[in-house]
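Please read the structure below before turning to the comments.
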Amino acid sequence: MTNILDAFIFAVLVASGCLGLTSLLMFFFHKNPEDAEAQQRERVEYSFFGLAGIIIMLVAWYAIA
């Protein structure tokens, strides 16, 4: 039964790591030339979700270890 819990934590680790990394990539590469204010809002959202995903990944990694 402990392997099932480890598998679930590993799935959370992989999913949050992928989402966090892609959000950080979108922070750097996404451009909205029509509206600078909208671009700034989107960059704040991408950075928040990126850092949150990376933090959740690190917590899950700690839980597995």
Side-chain angles (χ1 to χ4, degrees):
M1 238 9 214
T2 60
N3 289 339
I4 292 173
L5 183 60
D6 286 344
F8 177 72
I9 293 173
F10 181 75
V12 169
L13 184 145
V14 170
S16 63
C18 287
L19 289 173
L21 201 66
T22 55
S23 291
L24 287 178
L25 286 174
M26 287 296 288
F27 171 78
F28 290 114
F29 294 123
H30 179 72
K31 301 286 187 252
N32 190 357
E34 292 133 11
D35 190 4
E37 184 179 338
Q39 179 181 354
Q40 191 65 22
R41 268 195 316 267
E42 291 168 355
R43 291 187 77 173
V44 169
E45 291 173 4
Y46 287 138
S47 65
F48 173 78
F49 287 121
L51 289 176
I54 297 297
I55 289 171
I56 291 169
M57 180 193 73
L58 292 174
V59 169
W61 191 1
Y62 181 74
I64 283 181

Checklist entry - Can you list every side chain to side chain donor-acceptor pair (under 3.5 Å) pair that touches residues 39-58, not counting sequence neighbours? => result H30-E42, E37-R41
Checklist outcome for this item: When rounded to the nearest 0.5 Å, the distance separating CZ of F27 from CG of L51 is 9.0 Å
Next on the checklist: Give me each pair satisfying side chain to side chain donor-acceptor pair (under 3.5 Å) with a member in residues 9-27, each pair once, sequence neighbours excluded.
Outcome noted: none
Checklist entry - Any chain of hydrophobic side-chain contacts (each under 4.5 Å) joining L13 to L21? => result no
Item to check | Value rounded to 0.5 Å, distance of CD1 in I56 from CZ in F49 | outcome: 10.0 Å
Checklist entry - Can you hop from V59 to I9 via hydrophobic side chains spaced under 4.5 Å? => result no
Next on the checklist: Using side-chain heavy atoms (C-beta onward) and a distance below 4.5 Å, is V14 in contact with F10?
Outcome noted: yes
Checklist entry - Got a second to check how far L19's CG is from M57's CE, nearest 0.5 Å? => result 11.5 Å
Checklist entry - How far does CG of L24 sit from CD1 of I54, to the nearest 0.5 angstrom? => result 5.5 Å
